[in-house]
Number of protein chains: 2
Amino acid sequence: MNSRNVTNLRDVKSSSKLAVSDTDRLVDELRRRIVNNQMPPGSRIRESELAEEFSVSRSRVRDAFGILEERGLIERIPNKGAVVMRLEADSFLELFDVREVLEGLMVRLATQNTEPEYWDDLIELFGNDLEKAVAENDFNAYMSAIAEFRQSCINAAGSGTLRGLLDDIYDRVLSMTRRLMLVPGRASEGFRQHQEILQAMRSGDAELAEDLKRKNIRSARQWFLKYNDFLL
Amino acid sequence: MNSRNVTNLRDVKSSSKLAVSDTDRLVDELRRRIVNNQMPPGSRIRESELAEEFSVSRSRVRDAFGILEERGLIERIPNKGAVVMRLEADSFLELFDVREVLEGLMVRLATQNTEPEYWDDLIELFGNDLEKAVAENDFNAYMSAIAEFRQSCINAAGSGTLRGLLDDIYDRVLSMTRRLMLVPGRASEGFRQHQEILQAMRSGDAELAEDLKRKNIRSARQWFLKYNDFLL
DNA sequence: GAAAAATATATTGTTGACAATATTATCGGC
DNA sequence: GCCGATAATATTGTCAACAATATATTTTTC
């Protein structure tokens with residue numbers, strides 16, 4: 001967190017244009033590459049390479065590495081260098097556990113803090129068109145819809161603390177989320193679950209929404225467990 | 001999270017003796033000073049001062065600042081320096097919200113992963129002696145008991161991811177926890193709640209334990225709300 | 001020819017010097 | 001005496017050279 005309060009780096013950057021340092025840019029770009037699997041887990045990253053590519057001094061790269069390390073995206077081994085963190089099955093299960101409670105909290109707060117109409121746009125987004133797209137395996141459309149849902153919820157929840165925690169976790173599970181979507185049946189189930197959650201939110205039932213969101217993550221966890229041989 | 005997997009810095013350091021860098025030591029000491037209010041919120045911290053005091057180069061201090069910043073303990077303002085983060089009432093309420101779900105998860109997992117006997121020591125610790133101590137306002141005894149409870153739960157839960165999140169939050173709320181203890185009635189209520197939670201854990205009822213822990217945090221939140229004029 | 005030792009190379013870790021910026025002190029005008 | 005401009009100081013930000021460490025290569029020895 002930089003010129004920031006309790007919320008984390010990205011928020012402030014997106015809300016206040018100025019003061020994006022070299023380090024911040026580096027962090028952002030490396031984060032992008034990691035979550036897009038352009039730098040797959042286990043990849044070695046050399047400081048000097050990046051310094052040259054981005055035309056910055058090695059110190060900046062070093063600072064960026066420090067932040068990425070603290071976020072759990074890379075691992076630094078003294079005198080050996082940095083490698084993209086490799087997540088094991090255990091870690092994913094742990095992440096599912098914390099996601100269950102945190103995303104549950106997210107939708108509860110979001111529901112409590114908004115008028116029912118706030119959700120109409122999302123309900124429309126999760127309508128027949130998207131259902132068809134999901135049925136036809138258009139995962140990009142589904143992914144961006146999920147992302148929008150997530151973003152709207154975080155904004156509505158209005159907790160910088162929660163946003164910070166969720167953002168950190170999100171980076172670590174994104175690639176897995178995408179792979180999980182490929183498992184036959186998972187996407188359409190997830191779609192339906194999101195519809196149900198949105199209905200609960202629209203009707204203002206925060207407790208129900210929380211419960212449904214938790215069930216949603218728990219079911220994703222089940223699919224992961226069942227297919228983790230293929231997913232990891 | 002450093003030469004470390006998903007867990008965070010402190011864990012690894014405490015489990016593997018070697019490789020405690022200057023930076024790590026600095027982070028630890030500064031963290032201690034901040035949570036003990038030796039450096040109260042709003043305090044300005046100068047890099048060169050610390051560099052001299054610890055006989056390290058300013059770069060190390062800088063690295064440490066980066067980590068503390070990412071953890072939300074200090075705020076860095078470009079070209080102006082670092083100040084200890086000042087938490088507002090809103091932030092505390094946000095922290096209570098996330099604590100509620102995360103500590104709930106903590107006791108649920110802890111209960112699931114242990115044999116009933118695991119909790120006997122803690123149950124004894126939270127016995128008549130401690131009750132008397134609390135009644136006589138011996139807050140140090142109570143604080144360390146709470147800390148032990150917490151640590152046992154985290155260990156039993158066995159999730160590095162969760163531990164990392166809780167540790168981060170802990171640092172930010174410790175000073176508030178201590179102040180809240182001074183409010184007449186809060187300490188003894190908290191004590192009783194912990195006894196109940198321990199009973200639930202001892203009997204293996206994970207769901208109940210989670211529910212009780214959540215109620216525990218929620219009641220702390222209520223007290224905070226009621227007395228925040230005095231607490232902040 | 002294989003294993004061990006010694007050398008060479010590459011990469012990370014650390015530092016102190018310098019540049020950029022903000023804060024404080026000084027001075028002159030009214 | 002007070003306000004604004006300007007200089008002096010202090011503090012953070014950046015960098016490039018050097019040291020320490022690990023890895024790869026070559027040489028030596030049996």
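Note that the structure is a prediction, hence the values are computed from the model and not measured. Chain naming here is simple, since letters A, B, ... match the order of the sequence lines and numbering starts at 1 in each.
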task = Provide, to the nearest angstrom, the distance between the CG atom belonging to Asp63(A) and the C1' atom belonging to dT12(D).
result =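 That distance rounds to 13 Å.
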
ask   = Whole Å only: how far is the CD1 atom of Ile77(B) from the P atom of dA22(C)?
value =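 Value for this atom pair: 12 Å.
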
query = Has Arg86(A) got more than 12 heavy atoms of other residues, nucleotides or ligands less than 6.0 Å from its CZ?
reply =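 No, CZ of Arg86(A) has 12 or fewer neighbouring heavy atoms, counting only those of other groups under 6.0 Å.
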
query = Do other residues, nucleotides or ligands put more than 12 heavy atoms under 6.0 Å from the CD atom of Glu52(B)?
reply =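 Incorrect, the count does not exceed 12.
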
inquiry  = Salt bridge or not between Glu29(B) and Arg33(B)? Use side-chain N to carboxylate O under 4.0 Å.
reply    =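 Judged by the 4.0 Å cut-off on N to carboxylate O distance, Glu29(B) and Arg33(B) do form a salt bridge.
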
query = Looking at residues at least two apart in the chain, or sitting in another chain, which of them share a salt bridge (Lys or Arg N to Asp or Glu O under 4.0 Å) with Glu189(B)?
reply =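 For Glu189(B), the residues satisfying salt bridge (Lys or Arg N to Asp or Glu O under 4.0 Å) (neighbours in sequence not counted) are Arg186(B).
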
request  = For Ser59(A) and for Phe65(A), locate the closest nucleotide of DNA chain C by heavy-atom distance; then report the residue assigned to the nucleotide nearer the 5' terminus.
outcome  =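 Closer to the 5' end of DNA chain C: Phe65(A).
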
task = From the options dG16(C), dC15(D), dT21(D), select the nucleotide whose nearest atom is closest to the side chain of Ser57(B).
result =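 Out of dG16(C), dC15(D), dT21(D), the nucleotide with an atom closest to Ser57(B)'s side chain is dG16(C).
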
key: Within residues 38-54 of chain A: residues closer than 4.0 Å to DNA chain D (heavy atoms)   =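 Heavy-atom contacts with DNA chain D come from no residue of residues 38-54 of chain A; none.
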
Residue pairs involving residues 104-114 of chain B (criterion side chain to side chain donor-acceptor pair (under 3.5 Å); sequence neighbours excluded) =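 Counting only pairs at least two positions apart or across chains, the side chain to side chain donor-acceptor pair (under 3.5 Å) contacts touching residues 104-114 of chain B are Arg108(B)-Glu210(B), Thr114(B)-Trp119(B).
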
ask   = Atom CZ of Arg76(B) and atom P of dA22(C): how far apart are they, to the nearest Å?
value =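 After rounding, the reported distance stands at 16 Å.
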
message = Please report the distance, rounded to the nearest Å, between CG in Asp22(B) and P in dA20(D).
response =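 Interatomic distance, CG of Asp22(B) to P of dA20(D): 14 Å.
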
message = Could you tell me how far apart Asn79(B) (CG) and dT9(D) (P) are, to the nearest whole angstrom?
response =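 Atom-to-atom, Asn79(B) to dT9(D), this comes out as 20 Å.
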
request  = Please check the phosphate of dT12(D) (OP1 and OP2 only) for any side-chain N or O of Arg58(B) closer than 4.0 Å.
outcome  =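 So the side chain of Arg58(B) is outside the cut-off, no N or O lying under 4.0 Å from OP1 or OP2 of dT12(D).
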
key: Where Arg214(B) and Gly104(B) come nearest, the two heavy atoms and their spacing   =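 In this case the closest contact between Arg214(B) and Gly104(B) is CG-CA, 4.1 Å.
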
query = Once you round it to whole Å, what is the distance between P of dT12(C) and CD1 of Ile74(A)?
reply =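 Rounded to whole Å, this separation is 11 Å.
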
message = Using OP1 and OP2 only, check whether a side-chain N or O of Lys80(A) sits under 4.0 Å from dT23(D).
response =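 Yes, Lys80(A) has a side-chain N/O under 4.0 Å of OP1/OP2 on dT23(D).
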
